[in-house]
Amino acid sequence: MSVTAFLTDSTLCIGCKACEVACKEWNGIDDDGLHWSGFSYDNTGAVGASTWRHVKFVEQAPVPGFGGNAGEQTSWTFSSDVCKHCEEAGCLEVCPTGSIVRTEFGGVFIQPDICNGCGYCVTSCPFGVVERNPKDGRAFKCTFCYDRQKAGLQPACAKVCPTESIKFGEIEELRAEANHRLEELHRRGIDDANVYDPRDTSVGGTHAMFIVRGDPRSYNLPPAPEVPTVYQRKAWTSSAFAAALLLCGTLAAFISDGNRDHAKY
Amino acid sequence: MSDSLPVPNPTGKLSREDRLNEIRRQVEREGRLEIVGDRPAGAPFPQASAENGYYRIPLLKEAPWTWEIPLYFFVGGAAGAAAVIGAIANYTGADRELVRDARWIAAAGSVISPALLVSDLGRPERFLAMLRVFKPQSPMSVGVWTLVGFSTGAIATAFAGHLRDRYGPSLPLRVIENAGQAASLAFGLPFSNYTGVLIGATAVPVWNRNVENLPIHFGASGLGAAVGILELLGHRKSRALQALGLGAAIFETLEGARIESRDRAYLDPLKRGASGWITRTGGVLAGPIPTFLRVASLFASNKRSQHFRKWASWSAVVGSLVTRIAWVYAGRVSARDWKLPLERNLV
């Protein structure tokens, strides 16, 4: 089976949220509750345990022509966010139960029958995707529609997207398509379009690429995501140093302590 | 009919269109809306931008851990250090009572630690899933297996020692006791500080940017707590414990000074707001206070010396617990930081 990916093109997204609905429908996810964010029309905020696809409503300072709006209006772009399915996935690396695995399609999948809800993956995701469901107790995120892909179908969100903003396919083909689309956008004068696929970081690229306009940070896409395993060398070195210090310190303290009870316990 | 509908208009004079224009004028004039009853919370709203990220919505998720985890960090740290003290004290032929009490502290920690960890799980009944794999690349997996080895060793040592005291020595008991002691020493050394690795190697800024210090800091905190508990159990004449307690307290003082003296945005959760004050409280209790009291006890009469050491111990034990709470809390605050995770040059 081929290695697959998403390419989410924000220049085509119309913010209809059909992907969110299709995802919830297919995967039977809880509702998010009715909470008003108080800013923008996005009242969901971010991906989480009950939101595996999330449409961001990126309202920016007025730039004439940006997003096709008149100069005095707020600029609007939309982008459907999802688990990035990293090549070096923090959640997968640190999962102590082996519940999180890499599928034959290249996606990162939490096996719900094994997860015991330790929550360590939550702290290890540099994109803030994984979340523990407080009611259920286990961690949840996008499954990359592993069940649908197994059956030869494309993920529900890509299937339902009415503008083909969410593209699904073989990863290298999509990378080529992303570059092709970028050239086309630049040719049309949309110079600020760029592809978000952090391959030069320790994350090593993702199975969910994005075409965004302007700075990826306004989409909450970190410019330098790091898989937390990169900190482990320093951490274990420090741990070994601390252990050696404790051993030597305790030995020195007790050997130099003259007040001994020579009847060995 | 429509005239009788209530109009959301606190002045009661303006027509709706005029009211809207008044709001628009004020926004234009002041950049924000302050008319009573109309100002939505948080206005003016952040816009999505390179500086603000996505409406300043935090990128990262907070650790879902509950109160059990900081308590476990405290109990595990103290138990690990106590096992090391017990084993070394025994090997060097120190006071038998001290060895026995250190072993019981380690054994008690070995029972309490797994209970706390299981209780924190989202699905406690599945705790055994932790033992179906061993992953060296996962600090939690390494920690769980260290805990298994440590608990087995520490509990076996304490009980074998107890049975030997009660029913006299025998070969099987001696084998269990010595093997358990060796295991609790070998596993106790990493067990006393690995929790620093556990939170250090995460995506949370305040944790991963202190990754080089956290294991040593947590190790010293555990040692201070273990020495403190032993002294509170009555071992206030041991010069070895005095030296270890003083060493741990001095290290914690330096760690506090390191945090306070550096002006870095990622250290803010350790210095500002509620989490900052909890960190300071823990730091002062674990560092300067026991350092001062222990130094004072060196120059005091025997009775006063023990008195000073008792209070130094209380301070160090409480300080160790508060320090663990502070770090977990600071991690939650740090995960809410919308700015730092969007910066470059993380490593």
Side-chain angles (χ1 to χ4, degrees), chain A residues 38-40 45-46 56 58-61 90 93-98 114 116-120 122-126 128 131-132 137-138 215 217-220 222-224 226 228-232 234-236 238-239 241-243 246-247 249-251 253-255 257 259-262 264-265, chain B residues 40-42 45 47-50 53-55 57 59-61 63-65 84-85 88-90 92-96 99 121-123 126-127 129-130 132-133 137-138 140-141 144 189-190 193-194 197 200-204 208 211-212 215-216 219 223 239-240 243-244 247 341-342 344 346-347:
Chain A
F39 43 83
S40 90
K56 285 173 176 162
V58 183
E59 290 178 39
Q60 295 177 310
E93 295 299 323
V94 305
C95 174
T97 64
I114 293 173
N116 66 7
C118 74
Y120 199 38
V122 177
T123 65
S124 300
C125 176
E131 190 177 33
R132 191 159 89 176
R138 291 172 296 179
D215 197 308
R217 283 177 290 181
S218 53
Y219 297 76
N220 247 3
E226 300 288 357
T229 45
V230 298
Y231 307 113
Q232 283 183 14
K234 281 181 185 172
W236 285 119
S238 170
S239 169
F241 183 68
L246 177 62
L247 182 65
T250 314
L251 269 172
F254 278 98
I255 288 171
D257 187 354
N259 192 12
R260 289 197 204 157
D261 179 354
H262 283 283
K264 208 176 169 197
Y265 181 58
Chain B
F45 307 121
Q47 283 183 314
S49 69
Y54 185 63
Y55 305 109
I57 293 175
L59 171 67
L60 302 177
K61 296 273 187 291
W65 301 330
V84 174
I85 291 173
I88 300 290
N90 188 29
T92 55
D95 180 12
R96 297 171 58 147
V99 173
L121 292 177
R123 290 286 179 97
R126 289 190 183 176
F127 71 95
M130 293 279 191
R132 65 189 279 280
V133 286
Q137 71 272 39
S138 166
M140 190 179 274
S141 182
V144 163
L189 286 167
N193 67 49
Y194 93 90
V197 179
T202 62
V204 178
N208 67 37
V211 66
E212 281 166 314
I216 307 178
L223 177 63
R239 295 203 335 224
L244 288 173
L342 291 178
R344 289 166 202 279
L346 276 176
V347 184

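Each chain gets a letter, A, B and so on, in the order the sequences are listed, and its residues count up from 1.
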Atom [atom1] in [X], atom [atom2] in [Y]: separation rounded to 0.5 Å?
X: A/L246; Y: B/I85; atom1: CG; atom2: CD1; result: 7.5 Å
X: B/I88; Y: A/L247; atom1: CD1; atom2: CG; result: 5.0 Å
X: B/L121; Y: A/N116; atom1: CG; atom2: CG; result: 4.5 Å
X: A/Y219; Y: B/L342; atom1: OH; atom2: CG; result: 14.0 Å

Nearest non-hydrogen partners of [X] and [Y], listed with the distance:
X: A/P228; Y: B/A201; result: CB-O, 3.4 Å
X: A/S218; Y: B/A48; result: O-CB, 3.6 Å
X: B/V133; Y: A/G98; result: CG2-N, 3.7 Å
X: B/M140; Y: A/P96; result: SD-CG, 3.5 Å
X: B/A203; Y: A/C125; result: CB-O, 3.7 Å
X: B/V197; Y: A/S239; result: CG2-CB, 3.7 Å

Who among B/W65, B/F127, B/Y194 has the most heavy-atom pairs with chain A under 4.5 Å?
->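 It is B/W65.
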
Give the member of B/G200, B/A129, B/S141 that has the highest number of heavy-atom pairs under 4.5 Å with chain A.
-> B/A129

For B/L59, is it the side chain, the backbone, both or neither that has a heavy atom under 4.5 Å from a heavy atom of chain A?
->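 Contact with chain A is through both the backbone and side chain of B/L59.
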
Region of B/V144 in contact with chain A, defined by heavy-atom distances below 4.5 Å = neither

Can you tell which of A/G128, A/G249, A/P126 has the highest number of heavy-atom pairs within less than 4.5 Å of chain B?
-> A/G128

Count the heavy-atom pairs under 4.5 Å between each of A/V58, A/D215, A/I114, A/T229 and chain B, then report the option with the highest count.
->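 Ranked by heavy-atom pairs under 4.5 Å with chain B, first place is A/I114.
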
For [Y], does its backbone N or O pair with a side-chain atom of [X] as donor and acceptor, under 3.5 Å?
X: A/D257; Y: B/A240; answer: yes
X: B/S138; Y: A/V94; answer: yes
X: B/Y55; Y: A/G45; answer: no
X: B/N208; Y: A/Y231; answer: no

Please name the residue in the list B/R126, B/M130, B/R123 that meets the side-chain contact (heavy atoms from CB on, under 4.5 Å) test with A/C118.
-> B/M130

List for me each residue that meets salt bridge (Lys or Arg N to Asp or Glu O under 4.0 Å) alongside B/K61, sequence neighbours excluded, and say none if there are none.
-> none

Which bit of A/T250 is near chain B, if near means a heavy-atom gap under 4.5 Å: side chain, backbone, both or neither?
->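 When you check distances to chain B, atoms from both the backbone and side chain of A/T250 fall under 4.5 Å.
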
Residues that A/R138 engages under side chain to side chain donor-acceptor pair (under 3.5 Å), provided they are two or more places apart = A/D136

